[in-house]
*Asks:* 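Here's a structure for you.
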Amino acid sequence: MGLIVTSEASANAGASQVHLQFDSTGVGTPALAGLVAVDNAGNKQAICPVGATLTYRLMSIRVLTSGTSYVPSTGTRAIYVECVGGGGQGGGAATSSSTCSLGGGGGGGAYAAKLLTGAAVKNPTTYAIGAGGTTGGAGATGQTGGDTTWDTSVVVAKGGAGGAVLAAGTTAVMQAGAAGGAQASCTGDLALGGEPGGMGQRTSGTAYLYAGSGGCSALGGSPGVGAINSAAGATGQAALLYGCGGAGAATLATAAAGGAGSNGFIRVWEFA
């Protein structure tokens with residue numbers, strides 16, 4: 001295949017050719033003048049737009065699930081940073097004696113994103129991945145998920161709250177799930193709150209429908225599913241995908257811990 005550099009007035013490329021030319025009428029909607037490649041059918045592909053609007057070309061997409069320091073790829077001029085906070089742990093179930101205790105579901109992590117250009121693209125940049133809540137023990141309130149941050153406070157996605165414990169008892173009652181990461185507490189060009197944890201339900205002293213399931217992150221995912229009756233104490237199911245909340249525990253006797261929330265993550269879109 002041949003590459004021919006032509007003037008704007010040139011005809012379409014011949015068979016097995018691509019013409020490279022300046023097009024003042026522009027390509028795209030709205031159109032922007034610039035250097036374009038033209039094939040033999042007259043199809044145009046923008047190569048290097050020229051105008052008052054600064055343009056970028058996507059180079060790579062990087063997903064960060066660990067570590068604390070980001071070094072941009074060579075030639076990076078702009079980045080779009082997306083952060084998801086850690087999921088909250090499900091609530092535990094308290095020790096009981098032939099009565100029901102269960103926990104509410106942990107909240108999902110929030111989402112926050114921001115476009116950074118020029119000097120705002122730091123080399124290196126410090127970041128933190130919000131850890132899922134895990135340390136709330138048997139019969140205890142679930143641990144809140146950690147915040148995921150970029151350059152300390154430039155982008156902040158809040159972690160989901162930990163689920164509460166419904167004390168052992170015999171009355172029919174519901175236990176609310178924990179709050180998702182709060183949109184209002186995030187920073188960035190765009191922020192979305194995490195989903196609240198699911199509600200647990202006790203129908204009597206010796207039976208209930210389920211403990212609370214975990215909440216999804218703002219990007220969706222796979223949270224933990226609420227536990228069911230267990231004399232030995234059923235630990236809540238752990239979340240499976242990034243930023244989701246863990247499920248509540250349930251018991252008819254022995255205390256149990258809520259399921260672990262999952263860690264958050266960062267996605268970086270790099271542009272030249």
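All values below were derived from every heavy atom in this structure, side-chain atoms included, with hydrogens, water molecules and symmetry-related copies excluded.
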*Asks:* N123 and P72: which non-hydrogen atoms are nearest, and at how many Å?
*Replies:*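 For N123 and P72, the tightest heavy-atom pair comes out as OD1-CD, 3.6 Å.
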*Asks:* If you measure from CD on Q201 to SG on C100, what distance do you get to the nearest 0.5 Å?
*Replies:* 11.0 Å
*Asks:* For the backbone of G226 and the side chain of S213, can you confirm whether one donor and one acceptor N or O come within less than 3.5 Å of each other?
*Replies:*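 Checked: pair present.
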*Asks:* Just wondering, do S262 and L240 contact through their side chains at under 4.5 Å, heavy atoms?
*Replies:* no
*Asks:* Report yes if the side chains of V121 and T76 come closer than 4.5 Å at any heavy-atom pair, otherwise no.
*Replies:*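 The answer is yes; the side chains approach within 4.5 Å.
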*Asks:* Could you report the tightest heavy-atom contact between C244 and G220, atom names first, then the distance?
*Replies:* SG-O, 3.7 Å
*Asks:* Hey, which of T148, V155, V63, T65 is the one that makes side chain to side chain contact (heavy atoms under 4.5 Å, CB included) with I266?
*Replies:*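 That would be T148; it is the only one of T148, V155, V63, T65 passing the side chain to side chain contact (heavy atoms under 4.5 Å, CB included) with I266.
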*Asks:* Does any non-hydrogen side-chain atom of Q17 lie less than 4.5 Å from one of N40?
*Replies:* no
*Asks:* Report yes if the side chains of L64 and V268 come closer than 4.5 Å at any heavy-atom pair, otherwise no.
*Replies:*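 L64 reaches V268 side chain to side chain.
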*Asks:* What's the shortest heavy-atom distance between G139 and A255, and which atoms?
*Replies:*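 Smallest interatomic distance, heavy atoms only, reads N-CB, 4.2 Å.
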*Asks:* So, taking the atom named NZ in K158 and the one named OG1 in T144, what distance separates them when rounded to the nearest 0.5 Å?
*Replies:*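 OG1 of T144 is found 9.5 Å from NZ of K158.
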*Asks:* Do Y242 and F265 have ring centroids that are under 6.0 Å from one another?
*Replies:* yes
*Asks:* Could you walk me through whether R77 and T117 pass the side-chain contact (heavy atoms from CB on, under 4.5 Å) check?
*Replies:* CA-CA 6 Å; R77 295 191 300 127; T117 64; over 6 Å; no
*Asks:* Kindly say whether A172 contributes a backbone atom to a donor-acceptor pair with the side chain of R202 at under 3.5 angstrom?
*Replies:*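 Side chain of R202 to backbone of A172, a donor-acceptor pair under 3.5 Å: no, none is there.
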*Asks:* I want to check something: taking the side chain as every heavy atom from C-beta on, are N43 and V38 in contact at a cut-off of under 4.5 Å?
*Replies:* no
*Asks:* How far apart are the closest heavy atoms of G243 and S217, and which atoms are they?
*Replies:* O-CB, 3.4 Å
*Asks:* Give the C-alpha distance, both sets of side-chain angles, the deciding distance and a yes or no for side-chain contact (heavy atoms from CB on, under 4.5 Å) between S101 and V165.
*Replies:* CA-CA 8 Å; S101 175; V165 179; 4.1 Å; yes
*Asks:* Distance from R267 atom CZ to L219 atom CG, nearest 0.5 Å?
*Replies:*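 Here the rounded value is 6.5 Å.
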*Asks:* Determine yes or no for a side-chain-to-main-chain donor-acceptor pair under 3.5 angstrom, with T99 supplying the side chain and S96 the backbone.
*Replies:*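 A pair under 3.5 Å: no.
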*Asks:* Is there a chain of hydrophobic side chains (I, L, V, M, F, W, Y, each step under 4.5 Å between heavy atoms) that links I79 to I129?
*Replies:*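 In one cluster: yes.
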*Asks:* Where is the tightest heavy-atom contact between G215 and P223, given as atom of each residue plus distance?
*Replies:*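 What the structure gives for the nearest pair is O-CB, 3.7 Å.
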*Asks:* Ignoring hydrogens, what is the shortest heavy-atom contact between A93 and T251? Give both atom names and the distance.
*Replies:*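 In terms of heavy atoms, the two residues are closest at CB-CG2, 3.6 Å.
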*Asks:* Taking the side chain as every heavy atom from C-beta outward, state whether R62 and S73 have any pair of such atoms under 4.5 Å apart.
*Replies:* yes
*Asks:* Could you tell me if Y111 and E82 have a donor-acceptor pair between their side chains, going purely by distance under 3.5 Å?
*Replies:* yes
*Asks:* Can you list the residues that meet the ring pair (Phe, Tyr, Trp, His ring centres under 6.0 Å) rule with F271, with sequence neighbours excluded?
*Replies:* none
*Asks:* For the residue pair L116 and V81, establish whether any side-chain heavy-atom pair is separated by less than 4.5 Å.
*Replies:*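 Yes, side chains in contact.
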*Asks:* Considering only heavy atoms from C-beta outward, does the side chain of T149 approach that of Y127 to under 4.5 Å?
*Replies:* no
*Asks:* Give a yes or no on whether V84 and W269 share a hydrophobic cluster (residues Ile, Leu, Val, Met, Phe, Trp, Tyr; joining criterion: side-chain heavy atoms under 4.5 Å apart).
*Replies:* yes
*Asks:* Look at the side chain of N263 and the backbone N and O of G132, then say whether any donor-acceptor pair between them is shorter than 3.5 Å.
*Replies:* yes
*Asks:* List the atom pairs, with distances to 0.1 Å, where a side-chain N or O of residues 181-198 and a protein N or O form a donor-acceptor pair under 3.5 Å, not counting sequence neighbours.
*Replies:*
from	atom 1	to	atom 2	distance (Å)
Q183	NE2	A191	O	3.2
T187	OG1	S153	O	3.0
T187	OG1	V156	N	3.0
D189	OD1	K114	NZ	3.3
D189	OD2	L115	N	2.9
E195	OE1	C216	N	2.7

*Asks:* Side-chain heavy atoms nearer than 4.5 Å, only ILVMFWY residues, links allowed to pass through others: does that put Y80 and M59 together?
*Replies:* no
*Asks:* Do side-chain atoms of T171 reach the backbone of V173 as a donor and acceptor pair under 3.5 angstrom?
*Replies:* no
*Asks:* Side-chain donor-acceptor pair under 3.5 Å between Q89 and T134, yes or no?
*Replies:* no
*Asks:* Between the main-chain N or O of G42 and the side-chain N or O of D39, is there a donor-acceptor pair closer than 3.5 Å?
*Replies:*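 It does hold such a pair.
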*Asks:* Given 3.5 Å as the limit, does a donor-acceptor pair link the side chain of Q143 with the main chain of T135, or not?
*Replies:* yes
*Asks:* When rounded to the nearest 0.5 angstrom, what is the spacing between CG in L166 and CE in M199?
*Replies:* 11.5 Å
